[in-house]
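Written below as structure tokens is the structure these notes are about.
Order of appearance sets the numbers: ligands from 1, and atoms from 1 within every ligand.
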Amino acid sequence: MARRRKLYEGKAKVLYEGPEPGTIIQYFKDDATAFNNKKQGVITGKGVLNNRISEFLMTRLTEIGIPTHFVRRLNMREQLVREVEIIPVEVVIRNIAAGSIAKRFNLEEGTPLPRSIVEFYYKSDELNDPMIAEEHITAFGWAMPQDIDDMMALSLRVNDFLTGLLLGVGLRLVDFKLEFGRYYTEDSVQIVLADEISPDNCRLWDIETNEKMDKDRFRRDLGRVEEAYQEVARRLGVLPEAGPMDLKGPKAMQ
Ligand code: UDP
């Protein structure tokens, strides 16, 4: 492929200029970071798997009418997405206490929350992604009240849909992080789901064994990190067994 202009390099992905104006290529790396870059490593094959997992989940979400930036997967590590203006807010949706909420409120990890909780964090490595309220988002001009309502409503729909989809393949959706962007067309602007949805930004526990099947295996040195990502892809039916052409649908669990 001809040399492309690199637009941005993040921790897990590189963004390149797309083939047409208004498009971007997302390249998925094997690099993994945790604790705001303090821990760094490589999860072999992660980029290939996250590309497929995110393609699968974004496509299913599109089918139920969730607007996303996803256009199509291009190859093993790349997907074409629509260019959006990323809102600098990370939306975290939680169903079960784990990670920072477990610490903050002294809850045992695994405690079901009374209802799904949506939290906002300001996307800033420099500041260590501080937790924020709607007030900060509107006062600092990161988004308008209507944008926040849209992000909240979309997040809850994504949560309900993914909770069911993942339960069907034996995985509990404990919590996850979403990012949204503004997609500008000639005469309108729409809030759409952006970034990726993968075991890098979801907590997924096996429903039978409670085994962690996500980036916590890397964060907490639990071992078998590659295997966990592969198992998620396998259950979703997107792990090529004998090469990229050998794709099956999701495998339903009893
Ligand atoms: N998360 C993420 N990126 C971040 C922070 C959190 O993808 O910068 C995801 C994380 O994988 C988990 C959820 O958001 O699924 C909630 O994370 P938490 O606030 O518990 O922080 P952590 O314990 O992961 O630092």
Side-chain angles (χ1 to χ4, degrees), residues 8-13 26 28-41 43 46-47 49-51 53-54 57-58 68-69 86-113 115-133 136-137 142 151-152 154-156 158-163 165-167 171-181 193-207 210-222 225 228-229 232:
Y8 174 80
E9 176 149 11
K11 292 170 239 173
K13 291 190 291 293
Q26 285 201 136
F28 287 74
K29 301 193 280 185
D30 285 349
D31 298 354
T33 64
F35 315 117
N36 198 19
N37 271 328
K38 286 197 265 297
K39 184 181 168 89
Q40 303 193 349
I43 302 172
K46 170 172 83 78
L49 297 170
N50 282 356
N51 187 19
I53 293 169
S54 196
L57 298 176
M58 290 282 188
T68 82
H69 73 156
I86 290 287
I87 295 171
V89 171
E90 300 195 341
V91 183
V92 168
I93 302 95
R94 304 178 181 273
N95 301 305
I96 293 169
S100 67
I101 201 173
K103 274 210 196 81
R104 194 170 333 114
F105 297 104
N106 196 23
L107 297 169
E108 196 185 333
E109 279 214 322
T111 311
L113 296 168
R115 62 179 171 82
S116 301
I117 294 177
V118 180
E119 298 173 341
F120 300 113
Y121 294 84
Y122 179 46
K123 223 169 118 67
S124 163
D125 286 344
E126 215 185 319
L127 301 174
N128 217 349
D129 293 354
M131 192 180 189
I132 51 174
H136 301 105
I137 301 178
W142 298 321
M151 291 195 289
M152 190 83 144
L154 289 170
S155 296
L156 292 172
V158 170
N159 184 43
D160 283 351
F161 182 76
L162 290 187
T163 294
L165 185 152
L166 291 162
L167 209 52
L171 294 170
R172 203 173 301 288
L173 182 59
V174 172
D175 57 32
F176 61 106
K177 184 261 295 180
L178 296 178
E179 292 187 26
F180 293 89
L193 188 57
D195 193 44
E196 67 175 284
I197 308 177
S198 73
D200 267 11
N201 41 45
C202 299
R203 284 196 169 93
L204 302 169
W205 295 357
D206 182 89
I207 43 170
N210 275 332
E211 206 185 343
K212 297 185 195 332
M213 312 277 286
D214 53 60
K215 203 167 109 179
D216 269 350
R217 300 202 73 81
F218 167 78
R219 292 190 189 98
R220 304 179 187 189
D221 293 317
L222 299 175
V225 187
Y229 281 71
V232 172

Check ion pair R203-D175 (N to O, under 4.0 angstrom)
yes
Using a 6.0 Å cut-off, check whether atom CZ of R104 has over 12 heavy atoms from anything other than its own residue.
yes
Anything with a heavy atom under 4.0 Å from ligand 1 counts, so go ahead and list those protein residues by chain and number.
E90, V92, R94, A98, G99, S100, Y121, D129, D175, F176, K177, D200, N201, C202, R203, R219
Between the side chains of K29 and D200, is the shortest nitrogen-to-carboxylate-oxygen separation below 4.0 Å, so that they form an ion pair?
no
Quick one: CD on E90 to NZ on K123, what's the gap to the nearest 0.5 Å?
5.5 Å
Distance col, row D125:CG vs K11:NZ, nearest 0.5 angstrom, shows 4.0 Å
Any salt bridge linking E109 with R220? Criterion: basic side-chain nitrogen under 4.0 Å from a carboxylate oxygen.
yes
